[in-house]
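A short worksheet on the structure shown next.
For the numbers below, each heavy atom of this structure counts, side chains included, while hydrogens, waters and symmetry mates do not. For clarity, every value in this text was computed on a predicted model and none was experimentally measured. In the text below, chain A, chain B and the rest are named by the order of the sequence lines, each starting its count at 1.
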Amino acid sequence: MTTASAYEPSEVESRLYADWIERGYFRAEPTEEREPFSIVLPPPNVTGALHIGHALDHTIQDALIRRRRMQGYEALWLPGTDHAGIGTEVLVGRRLLEEGIDKQAIGREAFIERVWEWRERYGGRIVEQMKALGSSCDWDRLRFTMDEGLQHAVRVAFVRLYEDGLIYRGERIINWCPTDQTALSDSEVEHEEVEGELVTFRYPMADGDGHIEVATTRVETMLGDTGIAVHPDDERYQDLVGRSVRHPLDGRELPIVADETVDPSFGTGAVKVTPAHDPNDFEIAERTGLEARNVLTSEARLNDAVPEAFRGLDRYEARRAVRDRLDELGLIVREERPYVHSVGHCYRCRSEIEPWLSGEQWFVKVDPLKGPAMEAAESGGLVFSPPRWKDRYLEWLEGLRDWNISRQLWWGHRIPVWYCSNGHEFASIEDPKGCAQCGSAEIEQDPDVLDTWFSSQLWPFSTLGWPEETEDLHYFYPTSVLVTGYEILYLWVARMVMSGLRLTGDLPFHTVVIHGLVRDAQGRKMSKSLGNVIDPLDMIERYGADALRFALSRMASPEQQNLPLAEDQIEAGKHFANKLWNAARLVRTNLEGDDLSPPSPERLTVTDRWLLSRVEACHAEVDAAMETYRFADAAQALYRFLWSEYCDWGLEMAKPRFYEGSEEDRRDAAAVLAWVLERSLRLLHPIMPFVTEEIRRRFVLEGSIMIASWPEPMPAHRDEEAEARVGFAMDLVTAVRRFRSDHRVPPSLELRVRVEGDAAQRQILGTLSEEVRRLARVGSIVTTGEASSPSGSARLHVQGAEVFIPLEGVLDPEAECDRLRSRIEALGEEAGKAERKLANEGFVTKAPAEVVEEQRRRLTRLKEEEAALREQLDELGCG
RNA sequence: GGGCGCGUAGCUCAGUGGGAGAGCGCUCGCCUCACACGCGAGAGGUCGUAGGUUCAAAUCCUGCCGCGCCCACCA
């Protein structure tokens with residue numbers, strides 16, 4: 001069998017993926033025969049494109065799914081996409097505008113139709129990209145948050161919560177995005193430090209007797225002030241409470257009220273109260289009876305409630321204008337600029353959020369929901385990896401306030417509430433024909449749609465058929481693991497727990513695996529403006545999906561919040577795949593037939609037993625790492641074993657048997673190597689599915705590696721004796737290589753080596769003489785138990801054995817003397833450290849006996865070696 | 001303002017009380033019959049800083065400096 005020496009992933013990957021699909025290996029169905037293991041994919045935006053964050057997220061999920069599938073679970077990875085309300089609506093709106101179409105002009109229905117068209121065109125793209133990565137999703141179950149079944153689930157969930165009194169309508173201050181023209185929940189607002197200003201100005205008393213000073217970062221909102229608040233115990237203002245000030249720009253009288261929440265130590269201790277534009281002020285107003293005066297339009301421009309001079313100004317223009325007017329009136333006391341403070345921004349478009357009184361909004365009452373969700377984590381029913389996220393989750397739930405779920409958008413699940421002409425309000429799962437209370441046919445549905453996260457929170461069960469009691473739901477729910485980045489822990493994960501517990505009575509998943517965010521090599525966020533975006537598809541094209549998956553896995557350690565990815569790491573993944581490919585070619589050409597069973601125990605050589613023992617050690621590491629989601633450790637263990645042990649030593653030590661041994665030796669050697677390689681491939685398959693499959697098929701094995709079983713541990717293969725014996729030979733080889741490299745001895749010049757060692761050492765060198773000669777490039781190797789000091793030789797120490805290399809014809813003895821002298825110096829330093837330790841009375845009396853003993857042995861060893869080298873220095877005549 | 005995490009080799013990180021590690025990068029030598037997407041060898045660190053606990057500290061404790069993140073209605 002001849003094959004190219006370089007592995008070319010592109011052809012292999014598409015061919016194998018198509019084959020897997022055709023064979024139906026990704027499909028999962030409820031069955032009595034196997035235990036379920038299920039993961040729902042966090043649905044990416046339907047119109048989005050796969051980015052590197054998805055690639056990490058999906059690699060982790062696929063690795064978990066593939067391993068469980070091999071372990072005999074009925075493994076379901078359920079894929080889907082999200083309609084992403086605001087994001088999609090804004091995107092499509094912008095595209096239409098480019099075509100000269102105004103969203104408002106074409107109206108709601110036509111617009112929604114356009115969005116569906118958009119989805120038809122681009123909705124499949126991200127799915128195709130996921131396939132390129134090798135994701136083993138059950139594509140027959142692909143769902144969309146706006147498909148029919150999920151629309152139904154959303155309505156059932158809404159109506160149930162509504163009827164239980166957990167959803168209500170109220171006029172409260174909400175987070176308004178003036179750009180996207182919609183309300184947002186608290187979680188969709190991101191606070192950022194901004195350089196603003198703090199302006200302190202005077203409100204004159206209404207009766208003309210004195211004034212009161214207040215400070216604000218948003219001086220334009222003073223047009224909406226309806227009062228001044230001070231702390232009730234603040235002595236400075238005792239006699240002012242109950243009196244009023246005069247608004248300098250519109251002449252209104254504003255009462256001075258007392259409220260506990262005012263901090264007397266901040267600023268002047270007096271606060272201007274703007275109930276319509278500040279959540280805190282809104283609450284003060286509710287307690288003290290101040291009116292709310294809305295002065296902003298939905299675009300955040302001043303409205304008609306303000307004096308004519310200011311009408312129509314946007315908030316930033318208004319800030320200047322109001323400030324200048326106050327200045328003209330001589331009312332400004334002090335200005336601090338820049339004044340750094342925190343301002344909320346829209347998580348979609350980054351605009352500054354306007355706390356705004358926008359009329360009636362829908363809310364979910366969270367108090368009855370958060371208790372059980374907290375309890376689940378506290379009792380250990382819901383587990384986080386890494387565990388520290390549990391505290392973050394609990395803290396967040398603790399402080400959670402009612403969730404605003406109405407959005408002033410068109411694209412999304414429309415709120416299933418109707419109002420009739422007689423003033424009745426009712427919720428309904430099906431579209432009603434008339435009012436549920438009076439039968440009136442004049443009904444109108446609430447115009448708003450639901451927050452996207454309202455449907456996402458149902459995802460783990462709505463995708464399995466809920467509210468129907470389906471077989472899928474019964475079998476696969478609760479799901480096993482949820483994998484996601486920390487950025488949506490609150491936005492999504494916590495809400496799934498709350499709604500899952502409330503609506504299904506069960507946790508939506510048992511374990512939450514939180515991974516970090518992929519950054520560039522410098523640890524910066526990847527962004528188009530920085531030009532540091534690594535496009536996964538580009539990487540897959542250039543290096544292969546396996547290479548990308550390997551690079552991502554190798555940095556996916558649970559504790560890491562930032563995962564810096566550089567392109568050369570992906571390149572390293574490609575090299576790894578190529579290395580495996582070539583190792584397999586070597587083994588394959590020496591393998592007789594397709595028999596992968598290793599030779600009977602009595603035919604195993606010591607190197608065979610060494611290799612069997614090493615793969616077992618690697619296996620244990622991989623299992624331990626995968627069970628605890630330490631993918632980096634699993635990938636690292638496999639990389640190290642396969643490259644640094646299997647290839648560098650295992651294959652190299654097999655070469656004498658391949659090229660110089662008997663036919664039987666050759667076959668035996670290849671059989672063990674093939675057996676170990678095949679076993680390793682199965683361990684690596686969850687991380688690098690394609691190359692492992694392709695190589696395994698080259699061994700002409702029946703069936704796909706995808707459905708091969710996960711290796712069972714074989715503790716009997718652990719063999720400390722073989723590891724120790726081969727370890728000595730390896731150390732000897734390394735010592736000779738180092739000698740050669742230190743002295744620039746050309747590879748073509750063969751060395752002669754004489755080893756004085758104990759019986760076991762002589763024995764293993766006898767057994768592995770061909771291997772050692774080949775690896776160390778040594779012409780002859782003599783072993784003896786007798787101590788001697790051959791003249792004109794270099795002297796190396798390997799595990800207590802003395803190794804002599806005659807220098808004649810190899811190099812000038814003076815060069816070797818230099819090497820000896822520097823080595824002696826290093827030994828002396830180390831010995832000195834050990835001596836000082838042992839001379840320390842505290843150490844000898846207080847440290848554990850074995851630690852002291854270890855130190856003594858070490859010192860003896862160092863002294864012996866040093867003495868031997870000094871002897872050698874004399875012997876070479878340069879002492 | 002509150003909380004969390006991190007400062008170890010040029011870079012990214014592992015190591016959590018007793019001899020400083022890995023990968024990549026770098027240097028040197030090799031086209032050695034699987035692989036130059038390779039083989040072999042090597043250099044490089046006062047483990048952020050100042051104290052403390054201990055016979056012993058990269059490792060435990062405290063302060064400080066620097067970086068990152070999360071939460072928060074202080075005008």
Side-chain angles (χ1 to χ4, degrees), chain A residues 3 5-7 173 186 191 198 200 214-218 221 229 261-263 265-274 278-284 341-342 344 355 388-389 391-392 395-396 399 486-487 489-490 517 521-523 543 547 554-555 557 559-566 568-569 571-590 632-633 636 639-640 644 647-648 651-652 655 658-659 733-734 737-742 744-748 774-777 830 833-834 837 840-848 850-852 854-855 858 862:
Chain A
T3 34
S5 65
Y7 175 65
I173 208 151
D186 294 342
H191 291 265
L198 183 68
T200 305
V214 294
T216 178
T217 53
R218 299 198 52 196
T221 64
T261 59
V262 179
D263 178 0
S265 66
F266 187 92
T268 61
V271 186
K272 60 190 267 306
V273 183
T274 324
D278 183 291
N280 192 32
D281 291 2
F282 183 78
E283 285 172 20
I284 293 177
H341 63 127
S342 177
R388 64 193 160 84
W389 287 106
D391 293 329
R392 299 267 189 96
E395 276 167 32
W396 182 80
Y486 62 80
E487 76 278 13
L489 178 64
Y490 311 127
L517 298 184
Q522 282 81 47
Y543 305 107
R554 199 146 63 142
M555 57 189 206
S557 98
E559 296 300 330
Q560 291 294 110
Q561 278 200 21
N562 291 334
L563 309 172
L565 177 69
D568 59 10
Q569 291 167 289
E571 198 177 357
K574 178 191 161 98
H575 294 174
F576 184 37
N578 186 57
K579 184 76 178 173
L580 295 177
W581 175 254
N582 281 293
R585 284 171 59 227
L586 175 63
V587 175
R588 174 69 264 187
T589 51
N590 287 284
D633 292 356
Q636 191 57 39
Y639 183 80
R640 185 204 301 261
S644 306
C647 290
D648 288 351
L651 292 180
E652 294 305 324
K655 282 179 180 175
F658 281 170
Y659 302 135
V733 168
T734 303
R737 282 171 173 172
R738 179 170 186 174
F739 170 82
R740 185 188 287 275
S741 186
D742 281 352
R744 305 264 186 278
V745 178
S748 50
R774 184 185 184 92
L775 290 172
R777 298 185 150 269
E830 273 192 67
K833 265 194 236 169
K837 221 169 196 181
N840 183 339
E841 184 135 353
F843 174 70
V844 180
T845 55
K846 293 192 181 174
E850 55 185 56
V851 172
V852 177
E854 168 69 36
Q855 208 56 229
R858 180 161 172 261
L862 292 169

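- Within the 4.0 angstrom heavy-atom criterion, base atoms lie near A:D263.
- The shortest side-chain heavy-atom distance between A:K272 and A:T216 falls under the 4.5 Å cut-off.
- A:D391 comes within 4.0 angstrom of nothing in the nucleic acid, heavy atoms only.
- The nearest whole Å value for the distance from the CD atom in A:E487 to the P atom in B:C70 is 10 Å.
- When the P atom is used for both B:A9 and B:G44, the distance is 14 Å, rounded to whole Å.
- Proximity of A:K579 to the phosphate of B:C39: a side-chain N or O atom is located under 4.0 Å from OP1 or OP2.
- Per the geometry, CZ belonging to A:R585 stands 13 Å off P belonging to B:C33, to the nearest Å.
- A close approach under 4.0 Å does occur between a side-chain nitrogen or oxygen of A:Y639 and OP1 or OP2 of B:C24.
- Taking 3.5 Å as the limit, the base of B:G19 and the side chain of A:R858 contain a donor-acceptor pair of atoms between them.
- In this structure, A:K837 reaches the B:G19 phosphate: one of its side-chain N or O atoms is under 4.0 Å from OP1 or OP2.
- Base contact: A:L651 has a heavy atom under 4.0 Å from a base atom.
- For the OP1/OP2 pair of B:A41 and a distance below 4.0 Å, the side-chain nitrogens and oxygens of A:R740 include no atom meeting the criterion.
- Contact annotation for A:F576: no contact, since no heavy-atom pair falls under 4.0 Å across all strands.
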